[in-house]
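Have a look at the structure below before the remarks.
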Amino acid sequence: MSESPSNETLPPGPCLGQAQLLIDSRCALGEGPGWDAGRSELRWLDILAGELHRARGDGREHRVTRLDRRTSYAALTRDGDYLLVAENRLSRFDPQTGETRAFLPFETDNPVTRSNDARVDTHGSLWLSTMGLGAEAGAGSLYRLHRGELTCLRRGLTIPNALCFSPDGRHAYFSDTATGWVMRWTLDDQGFPARVQDGAFAEPEPWADLRDSGGGPDGAVMDSEDCLWLALWGAGRVARLSPEGDEIAHVRVPARQPSCPVFGGANLTTLYVTTAREGMAAPAEADGGVFAIELAERLPGCHGAVEPALRLA
């Protein structure tokens, strides 16, 4: 989620087309999409409703699983199950039986936060974030779960989002939506940000300025050409950013609050986009649905990456 300006802004770069409504899920806060290549299945969460959604890539066989708490991400593990990122705990979830079992608590002493954006990096480690229940300024943090050990990377964030990683594993990207910037960290050979002399993590560098984009930087994913696809909450589009951080193209989304994109389909050339109706007094029928656009002919040779499986040990 994000709080962002609603002004109309003419986006730079060509429009690659308009995504079409694929699944009329009407999520309050659709987020955390992932593509399970082994099952040819798209999954996403409705954070506020505590629901895990799953469907075939063509939108058929849409299933909803009720969870016991607000959940923002479901990471595919090497064991074939999911690690759920939910409020103040990580849990293992068996998609076949629906069984859930506790794995690791976090921020259990902080009742004003919940989990938000998350994504698995190229090393098979999970980056996850928290934010205030009311988007309180500075209440959020960013963590990395590496081989079962949770490390706090950064505190004092308001709405952490846009977690994604360069294909070569050298850089991590994230945004604090409230700032309008996407930041970039250079990573070491273990996938952690570099450390400075006192042992603290080095500061990330400002990479892309979205303050005049007409929307707030939300969820993001990388493509094979080292470009970043960023959902702009409030702007009704997903921006494609060059390796230098400039918007070079975009996809229109006929829903005001796109929240996160992901690549999927047989050739990883379909861009799926979750959306939300949170905070809308009169949402349109499509708001909160999942949208999709096929990019193979529009961007020949460009595709997403196979989702890394999470390594827990």
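A donor-acceptor pair shorter than 3.5 Å cannot be found between the side chains of T100 and S91. Side chain to side chain, T270 and E294 meet the donor-acceptor criterion of an N or O pair below 3.5 Å. Donor-acceptor pairing under 3.5 Å is recorded for the side chains of D168 and S166. Of the N and O atoms on the side chains of T130 and T113, not one donor lies less than 3.5 Å from an acceptor on the other residue.
The shortest side-chain heavy-atom distance between L76 and L310 does not fall under the 4.5 Å cut-off. You'll find the side chain of R114 reaches within 4.5 Å of the side chain of L133, heavy atoms only. In this structure, W233 and P217 have side chains that are not in contact, with every pair of non-hydrogen atoms separated by 4.5 Å or more. Inter-residue side-chain proximity for P206 and M183 is flagged as met; some heavy-atom pair is nearer than 4.5 Å. Y143 has its side chain out of reach of L126: every pair of non-hydrogen atoms, C-beta onward, lies at least 4.5 Å apart. Two residues are said to be in side-chain contact when any heavy atoms from C-beta on lie closer than 4.5 Å; I23 and W44 meet this criterion. Residues L128 and N116 fail the side-chain proximity criterion, which asks for heavy atoms closer than 4.5 Å. Using a 4.5 Å heavy-atom cutoff, the side chains of C227 and P243 are in contact.
Atom CZ of F291 and atom CD of Q20 lie 8.5 Å apart (nearest 0.5 Å). From M131, atom CE reaches atom CG of L157 across 11.0 Å, with rounding to the nearest 0.5 Å. The distance from the CD atom of E278 to the SG atom of C27 is 12.0 Å, given to the nearest 0.5 Å. For the atom pair CG (D117) and CG (N161), the distance works out to 5.0 Å, reported to the nearest 0.5 Å. To the nearest 0.5 Å, the span separating CG on D81 from CZ on F93 amounts to 9.5 Å. L228 contributes atom CG, which lies 4.0 Å from atom SG of C164 (distance to the nearest 0.5 angstrom).
Checked against salt bridge (charged side-chain N to carboxylate O under 4.0 Å, His left out), E225 has the following partners two or more places apart in sequence or in another chain: R240. The salt bridge (charged side-chain N to carboxylate O under 4.0 Å, His left out) check on R70 picks up E87, with sequence neighbours excluded. With sequence neighbours excluded, the residues that form a ring pair (Phe, Tyr, Trp, His ring centres under 6.0 Å) with W185 are F174. In this view, F192 and H146 satisfy the ring pair (Phe, Tyr, Trp, His ring centres under 6.0 Å) rule, not counting sequence neighbours. D24 meets the salt bridge (charged side-chain N to carboxylate O under 4.0 Å, His left out) test with R26; sequence neighbours excluded. With sequence neighbours excluded, no residue forms a salt bridge (charged side-chain N to carboxylate O under 4.0 Å, His left out) with D246. Taking F263 as the reference, W229 meet the ring pair (Phe, Tyr, Trp, His ring centres under 6.0 Å) condition, with sequence neighbours excluded. Under the ring pair (Phe, Tyr, Trp, His ring centres under 6.0 Å) criterion, F165 pairs with W127, sequence neighbours left out.
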Check your understanding: Taking it one step at a time, do Y173 and M222 satisfy side chain to side chain contact (heavy atoms under 4.5 Å, CB included)?
Key -> CA-CA 10 Å; Y173 299 83; M222 301 292 292; 4.1 Å; yes
Point to revise | R147 vs S125, side chain to side chain donor-acceptor pair (under 3.5 Å): CA-CA, chis, key distance, verdict | key: CA-CA 7 Å; R147 309 301 182 260; S125 299; 3.2 Å; yes
**Study point:** T269 vs L299, side chain to side chain contact (heavy atoms under 4.5 Å, CB included): CA-CA, chis, key distance, verdict
**Key:** CA-CA 9 Å; T269 55; L299 290 172; over 6 Å; no
Review point. Hey, mind stepping through V251 and Q18 against side chain to side chain contact (heavy atoms under 4.5 Å, CB included) and telling me if it holds?
Key: CA-CA 6 Å; V251 167; Q18 179 167 293; over 6 Å; no
Check your understanding: Taking it one step at a time, do D121 and L187 satisfy side chain to side chain contact (heavy atoms under 4.5 Å, CB included)?
Key -> CA-CA 11 Å; D121 66 19; L187 305 179; 5.7 Å; no
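At distances below 3.5 Å, at least one donor-acceptor pair connects side-chain atoms of T179 with backbone N or O atoms of D176. Looking at R277, its side chain never comes within 3.5 Å of a backbone N or O of P283 through a donor-acceptor pair.
Through direct or relayed side-chain contacts under 4.5 Å between Ile, Leu, Val, Met, Phe, Trp and Tyr, V196 connects to no other residue. Cluster partners of V64: none. The rule joins Ile, Leu, Val, Met, Phe, Trp and Tyr whenever side-chain heavy atoms lie under 4.5 Å apart, and it links nothing here.
The minimum heavy-atom distance linking H123 with Q190 is given by the pair CE1-C, 3.8 Å. In terms of heavy atoms, V112 sits closest to N110 at CG2-OD1, 2.9 Å. Between D223 and C302, the shortest heavy-atom contact is OD2-SG, 3.3 Å. Between A208 and L241, the shortest heavy-atom distance links the atoms CB-CD1, 4.0 Å. Considering every non-hydrogen atom in both P258 and T275, the closest pair reads CA-CG2, 3.9 Å. Closest approach of C260 and A220 over heavy atoms only: SG-N, 4.0 Å.
Transitive grouping of hydrophobic side chains (ILVMFWY, heavy atoms separated by less than 4.5 Å) keeps L268 and V221 in distinct clusters. When the side chains of ILVMFWY residues are joined at heavy-atom separations under 4.5 Å, either directly or via intervening members, F201 and L163 end up in a single hydrophobic cluster. W207 and W181 sit in two unconnected hydrophobic clusters of ILVMFWY residues. Membership requires side-chain heavy atoms under 4.5 Å apart, directly or through other members. L83 and L150 end up in the same hydrophobic cluster when Ile, Leu, Val, Met, Phe, Trp and Tyr side chains are linked at under 4.5 Å. There is no path of hydrophobic side-chain contacts, each under 4.5 Å, that joins L104 to Y82.
For the side chain to side chain donor-acceptor pair (under 3.5 Å) condition, the pairs that include at least one residue of residues 301-313, sequence neighbours left out, are R43-E307.
Using a 4.0 Å cut-off between charged side-chain N and carboxylate O, E41 and R63 make a salt bridge. In summary, R92 and D79 engage in a salt bridge, as defined by a charged side-chain N under 4.0 Å from a carboxylate O. Between E107 and R89 there is no salt bridge, since no side-chain nitrogen of the basic residue lies less than 4.0 Å from a carboxylate oxygen of the acidic one.
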Indicate every side-chain donor-acceptor pair of residues 48-60 with a distance under 3.5 Å to a residue at least two apart or in another chain.
{"from": "E51", "atom 1": "OE1", "to": "H53", "atom 2": "NE2", "distance (Å)": "2.9"}
{"from": "E51", "atom 1": "OE2", "to": "R66", "atom 2": "NH1", "distance (Å)": "3.3"}
{"from": "E51", "atom 1": "OE2", "to": "R66", "atom 2": "NH2", "distance (Å)": "3.4"}
{"from": "H53", "atom 1": "ND1", "to": "H62", "atom 2": "NE2", "distance (Å)": "2.8"}
{"from": "R54", "atom 1": "NH1", "to": "P95", "atom 2": "O", "distance (Å)": "3.2"}
{"from": "R54", "atom 1": "NH2", "to": "T65", "atom 2": "OG1", "distance (Å)": "3.3"}
{"from": "R56", "atom 1": "NH1", "to": "R39", "atom 2": "O", "distance (Å)": "3.1"}
{"from": "D58", "atom 1": "OD1", "to": "R60", "atom 2": "N", "distance (Å)": "3.0"}
{"from": "D58", "atom 1": "OD1", "to": "R60", "atom 2": "NE", "distance (Å)": "3.3"}
{"from": "D58", "atom 1": "OD2", "to": "R60", "atom 2": "NE", "distance (Å)": "2.6"}
{"from": "D58", "atom 1": "OD2", "to": "R60", "atom 2": "NH2", "distance (Å)": "3.0"}

